[in-house]
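Following: one structure in structure tokens, then a few remarks.
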Amino acid sequence: MESTSSQDGSVEADERDVFNICISTDNHCGYKEEDPIIGDDSFLAFEEVLETAVQENSDFLLLGGDLFHEKKPSRKTVVRVTELLNKHVFGYPDIQFETDQYPEANYIQGKYQVQLPVYIIHGNHDDPIGCEWLSNIDPLHSSHQLNYFGKNSNVEKIQINPILFTKGKTKIALYGLGNMRDERLNLAKEKDNIFYNRPLLPNGNPDESYFNILVLHQNRFKGMFQGVPRRYAIVDTFFPPFFNLIIWGHEHECIKGAEECVENGYYILQPGSSVATSLIEAESVQKHSFQLIVYEKCFKLEPRPLKCTRPILYKEVNLGKTGIDFERDDLVEKHLLKEVKQLLRKSANLGKPEEFTTPLARIKVEYSGYTVIRNRKFKKSLAGLVANPDTVFHWYKKPKKTEIDTTKDESYIFNEAEKIKEINRNEGHRRQIQSNMLKLVQNRKSINMIGMNDFMDILESNQGKDLSNYFKNEFRKKISDNIVKEKLKELGELEKKADDDIQGYEEFWNKNQIKSIDRIMQKCIQTQLKNMDFIDSQSQLNTGEEIKDDHIFEEDKDSDFDMLGQELEEIRKKKEEKETKEKPKRMKKTNKVLDNMVNERSKPRLYDTLEDSPDEIENSSVSKTKIEVKENVYRHRASRNRKREFQ
């Protein structure tokens, strides 16, 4: 009998009913493989994980993604990983559990003697690519060295099927979710397009006797001011509450114990990476693999420290607090070297193998007011002491913060608290707003018809509401109103231009017509005077002599004026007859000019959308506006004709 304790307490269980699973994530084999000092670190750490799993008599090894560091690993890396798997995976078979829903497992087929089954999902460094949707893990899966699961080819409808394991009284349902873009995964969650297929009882209800494990490889949301933003990460409450344990890959910081998610009732394990790929404080924590012991619905986690990992010495230094003169670079250099030596004293007693006695060091230097000293100046002094003499110091400046005097405003703290509450309230509506915006994107025609300001007003005024009916009714009316306004504006500009053109045409015609009448009147008077028997009117007019009234109207004055009136009347009649004959041609030409002017200054869609049926003219404000424009043109024509008749 063996004692197996859960998070709540301890229970006694037979080892034939207990699962023993080794867990590791983010091995990054091949990281800086060309570096003469740290090139073998990733392979040695992965080999230690395999050896630990074999020594602990693990039922299987579970890897949480990023087996390789490069999506296209070098031949050297592929050969090294293949050799390690052949050495530890194959051997005397002693599989004591049953497997269901995964018939391609390498230990089921009977052709291979497998002592340590390995289950793995892909991470962001080994995700599937190409038309065939293949990962750099697929060759190892095809050669039966490990078992690859958690691949989803349909990213819009995500189906997650479990692998079922049974060992005595204990049943495990293992779900795998390979890496995908966090935005896409969040969108699928909002649309309810993630489906977890649970094992069912004969009556159709979910079988609650299974211990449900989910292994994934995604960004983990750490808060508003840490890590990546909310939309580019996954929150702890993302998953349904029927899970018992979540194994979270991709995050390199190792957290020893399982963290409880109180809202959904499951635990989260973050194993971290087996090799450091960045010199940050989170990576400086001791690396571990974990042994997961499961009995029925109880479990226990036992961390196993990895010895074949290079220690990271991390420290932050603020030069402004040292009191060193900012012009003395030599004193700054001596102070920084002193800080490095103090860190090296701490690593002397870590008990690492000889290959890992040379640590990685990172000192973050805040140098506001000082000059930067290049790392190459420290290279000779630090060579042989640290594994990265070129990148020990990281220089940065703190951003200037605006200080707020809280004594002047006693309500400052209250206002800040209200701001935080408002942010939390708006956070609840953010997903709904995103969903509504995505619904609108599907109807591109509607979005193009309305301005961005109006669009945002609609969303803000309907936060947290179902806008499907609103967009069918109110939003459609708003679009129609905007179309009518646009048409009216175009027709107004067209009418104004038509008025200007007609007025100019009338002024031109009136000016030339008056000149023509003056010439006719002058010619008529001269002709009438020439027919009189008094004097030669033309010669007297040319010489400027005065014509005497009594001589001109000496005989029958009334008859002379009657004759002049008759002459003028005949000329007017002839002119009217000529205009009557030429009027249709002139009107036709004018109509053609006006129609061309209207067509050129109006958009084709202005009239293409209108029909001449009485019902549509009666119901369309745009059609009514079109009729009004034509009526204005005809009114101008009638006014022009009246002026001509008057003249």
Side-chain angles (χ1 to χ4, degrees), residues 20-95 105-107 111-123 125-126 135-150 215 217 247 249 252 254 271-277 287-291 304-310 352-356:
N20 186 7
I21 304 170
C22 184
I23 300 173
S24 179
T25 64
D26 296 272
N27 306 107
H28 288 274
C29 294
Y31 173 71
K32 287 193 175 182
E33 58 183 343
E34 301 300 332
D35 191 288
I37 300 177
I38 64 174
D40 291 336
D41 288 5
S42 60
F43 302 110
L44 294 175
F46 182 56
E47 184 176 11
E48 185 179 1
V49 171
L50 293 171
E51 291 176 351
T52 302
V54 174
Q55 293 173 2
E56 295 284 345
N57 295 322
S58 302
D59 291 306
F60 59 87
L61 171 63
L62 181 60
L63 300 178
D66 281 356
L67 175 62
F68 295 101
H69 184 69
E70 301 291 341
K71 290 188 177 182
K72 295 182 179 180
S74 64
R75 295 180 181 178
K76 174 184 174 181
T77 299
V78 174
V79 170
R80 289 286 299 271
V81 172
T82 303
E83 290 176 349
L84 293 175
L85 291 174
N86 288 335
K87 180 180 178 180
H88 297 92
V89 170
F90 299 105
Y92 180 76
D94 187 19
I95 309 300
N106 55 0
Y107 56 89
K111 298 180 181 179
Y112 308 97
Q113 294 183 347
V114 178
Q115 67 173 353
L116 178 64
V118 180
Y119 282 91
I120 185 173
I121 64 170
H122 65 262
H125 285 258
D126 41 29
S135 166
N136 51 25
I137 304 175
D138 280 293
L140 300 177
H141 174 74
S142 300
S143 60
H144 305 285
Q145 292 173 319
L146 46 75
N147 304 297
Y148 179 23
F149 73 112
V215 55
H217 193 100
I247 300 174
H252 283 206
C254 178
S273 63
S274 60
V275 62
T277 59
K287 305 294 184 181
H288 292 81
S289 64
F290 290 84
Q291 292 298 132
R304 298 287 186 267
L306 297 177
K307 297 180 181 180
C308 295
T309 56
R310 195 171 299 275
K352 294 287 183 179
E354 288 188 13
E355 299 89 340
F356 301 97

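None of these values were measured; they are calculated from a predicted model. Residue numbers run from 1 in the order of the sequence given.
Residues Asn20 and Asn57 come closest through the heavy atom pair ND2-O, 3.9 Å. Residues Phe43 and Cys29 come closest through the heavy atom pair CE2-CB, 4.1 Å. Across all non-hydrogen atoms, the minimal contact from Ser24 to Val49 is CB-CG1, 3.7 Å. Nearest heavy-atom pair, Leu67 versus Leu146, reported as atom, atom and distance to 0.1 Å: CD2-CD2, 4.2 Å. Contact detail for Ile23 and Pro271: the closest heavy-atom pair is CG2-CG, 4.0 Å. Closest heavy-atom contact between Pro117 and Asn147: CB-ND2, 4.3 Å.
Looking at Lys87 and Glu47, a side-chain N of the basic residue comes within less than 4.0 Å of a carboxylate O on the acidic one, giving a salt bridge. Under the 4.0 Å criterion applied to side-chain N and carboxylate O atoms, Asp41 and Lys32 are not assigned as salt-bridge partners.
Atom OG1 in Thr52 sits 11.5 Å away from atom NE2 in His288 (nearest 0.5 Å). The distance from atom CD of Gln115 to atom CZ of Phe60, rounded to the nearest 0.5 Å, is 16.0 Å. To the nearest 0.5 angstrom, Leu84 atom CG is 6.5 Å from Phe46 atom CZ. Between Tyr107 atom OH and Asp94 atom CG the span is 13.5 Å, to the nearest 0.5 Å.
Val89 places none of its side-chain heavy atoms less than 4.5 Å from the side chain of Leu61. Between His125 and Glu70, the closest side-chain pair of non-hydrogen atoms is not below 4.5 Å. Taking 4.5 Å as the limit, some side-chain heavy atom of Phe290 sits within range of a side-chain heavy atom of Cys254. Inter-residue side-chain proximity for Phe149 and Val215 is flagged as met; some heavy-atom pair is nearer than 4.5 Å. Looking at Ser135 and Tyr148, their side chains come closer than 4.5 Å, going by heavy atoms from C-beta outward. Two residues are said to be in side-chain contact when any heavy atoms from C-beta on lie closer than 4.5 Å; Lys287 and Ser273 meet this criterion.
The one candidate from Thr25, Ile120, Asp26 that meets the side-chain contact (heavy atoms from CB on, under 4.5 Å) condition with Asp66 is Asp26. Considering Val275, Thr309, Val81 as possible partners of Ser42, the one that fulfils the side-chain contact (heavy atoms from CB on, under 4.5 Å) test is Val275.
Side chain of Ser58 to main chain of Val54: no donor-acceptor pair is present (N/O by atom type, distance under 3.5 Å, no hydrogens or angles). In terms of modelled atom types and a separation under 3.5 Å, the side chain of Glu33 and the main chain of Lys76 share no donor-acceptor contact. Distance alone, capped at 3.5 Å, is enough to place a donor-acceptor pair between the Asn136 side chain and the Lys71 backbone. Proximity of a side-chain donor or acceptor of Thr77 to a complementary backbone N or O of Pro73 within less than 3.5 Å is not detected.
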Intermediate values then yes/no, side-chain contact (heavy atoms from CB on, under 4.5 Å), Leu306 and Ser289: CA-CA 7 Å; Leu306 297 177; Ser289 64; 4.1 Å; yes
Stepwise ring pair (Phe, Tyr, Trp, His ring centres under 6.0 Å) test for His122 and His217: CA-CA 8 Å; His122 65 262; His217 193 100; 8.4 Å; no
Audit row: Glu56, Gln291, side-chain contact (heavy atoms from CB on, under 4.5 Å) steps and yes/no: CA-CA 8 Å; Glu56 295 284 345; Gln291 292 298 132; 3.7 Å; yes
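Checked by atom type, the side-chain pair Thr277/His252 shows a donor-acceptor distance below 3.5 Å. A donor-acceptor contact closer than 3.5 angstrom links the side chains of Ser274 and Asn27. If you check the side chains of Gln145 and Asn106, you find no donor sitting under 3.5 Å from an acceptor.
Between Tyr112 and Phe90, the ring planes lie tilted relative to each other; the angle falls in the 30° to 60° range.
Under the ring-ring contact (aromatic ring centres under 6.0 Å, His included) criterion, His141 pairs with no residue at all, not counting sequence neighbours.
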